[in-house]
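Each remark here refers to the structure printed beneath this line.
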Amino acid sequence: QFVESGGGLVQPGGSLRLSCAASGFTFSSYAMSWYRQAPGKSRELVASITSTGGDTNSADSVKGRFTISRDNAKNTVYLQMNSLKPDDTAVYYCRVLTSRGVYWGQGTQVTVSS
């Protein structure tokens with residue numbers, strides 16, 4: 001189970017930090033990812049982080065602007081989003097692939113608009 005928070009309305013150039021608090025599985029054992037889905041588009045991978053947090057990857061469209069991180073003591077993964085653009089408007093989801101399957105958060109809306 002996930003509880004996502006941190007979404008909202010922000011002006012272009014602004015920042016938001018998304019949080020995804022996890023429960024029900026051994027959080028520290030699994031890589032975590034953030035995805036997003038804009039209206040009329042398919043869901044896309046934004047960023048991922050290994051179980052220890054030692055390695056991360058991000059989509060070219062967000063490189064240099066978004067940073068994924070995690071706190072295994074708090075069972076939480078974060079997505080720091082800076083220099084936001086209108087094209088970043090989407091519902092953002094956290095995701096985990098465990099030995100029992102794929103699990104998604106409920107999504108949090110991010111809207112970038114003036």
Enumerate the salt bridge (charged side-chain N to carboxylate O under 4.0 Å, His left out) contacts for residues 42-54, please, sequence neighbours excluded, ordered by first and then second residue.
Arg36-Glu44
Identify every side-chain donor-acceptor pair in residues 21-29 under 3.5 Å, counting partners at least two apart or on other chains, and give the distances.
none

To the nearest 0.5 Å, what is the distance between CG on Asn72 and CE on Met32?
10.0 Å
Which residues pass the side-chain hydrogen bond (donor to acceptor under 3.5 Å, both in side chains) test with Arg95, not counting sequence neighbours?
none
Output all residues satisfying salt bridge (charged side-chain N to carboxylate O under 4.0 Å, His left out) with Asp60, sequence neighbours left out; order by chain, then residue number.
Lys63
Answer whether the closest heavy-atom distance between the side chains of Val110 and Thr89 falls below 4.5 Å.
no
So which atom in Gln109 and which in Val91 form the shortest heavy-atom distance, rounded to 0.1 Å?
OE1-CG2, 3.2 Å
According to a hydrophobic-cluster definition based on side-chain heavy atoms being under 4.5 Å apart (Ile, Leu, Val, Met, Phe, Trp, Tyr only), do Tyr35 and Val62 belong together?
no
Closest non-hydrogen atom pair, Leu18 against Trp34:
CB-CH2, 3.7 Å
Rounded to the nearest 0.5 Å, what's the gap from OG on Ser33 to CD1 on Ile68? Could you check?
6.0 Å
Measuring only between side-chain heavy atoms, which start at C-beta, is Cys20 closer than 4.5 Å to Tyr78?
no
Please find the pair of heavy atoms, one from Gly105 and one from Tyr93, that lie closest to each other, and give the distance.
O-CD2, 3.5 Å
Within a strict 4.5 Å, meaning less than it, do heavy atoms of the Asp55 and Ile49 side chains meet?
no
Got a sec, which residues hit side chain to side chain contact (heavy atoms under 4.5 Å, CB included) with Asn82, two or more places apart in sequence or on another chain?
Ser15, Gln80
Is there side-chain contact between Phe66 and Val46, with heavy atoms separated by less than 4.5 Å?
yes
Quick one: side chains of residues 2-14, donor-acceptor pairs under 3.5 Å with protein atoms, not counting sequence neighbours, listed by atom name and distance.
| unit_1 | atom_1 | unit_2 | atom_2 | d |
| --- | --- | --- | --- | --- |
| Glu4 | OE1 | Gly107 | N | 3.4 |
| Glu4 | OE1 | Thr108 | N | 3.3 |
| Glu4 | OE2 | Cys94 | N | 3.0 |
| Glu4 | OE2 | Gly107 | N | 3.4 |

In the structure I gave you, are the side-chain heavy atoms of Tyr92 and Met81 within less than 4.5 Å of one another anywhere?
yes
Please enumerate all residues that pass side-chain hydrogen bond (donor to acceptor under 3.5 Å, both in side chains) together with Ser69, with sequence neighbours excluded.
none
Could you work out, with side-chain hydrogen bond (donor to acceptor under 3.5 Å, both in side chains) as the rule, every residue matching Arg65, not counting sequence neighbours?
Asp88
Decide yes or no for Leu84 and Leu16: does some side-chain heavy atom of the first lie under 4.5 Å from some side-chain heavy atom of the second?
yes
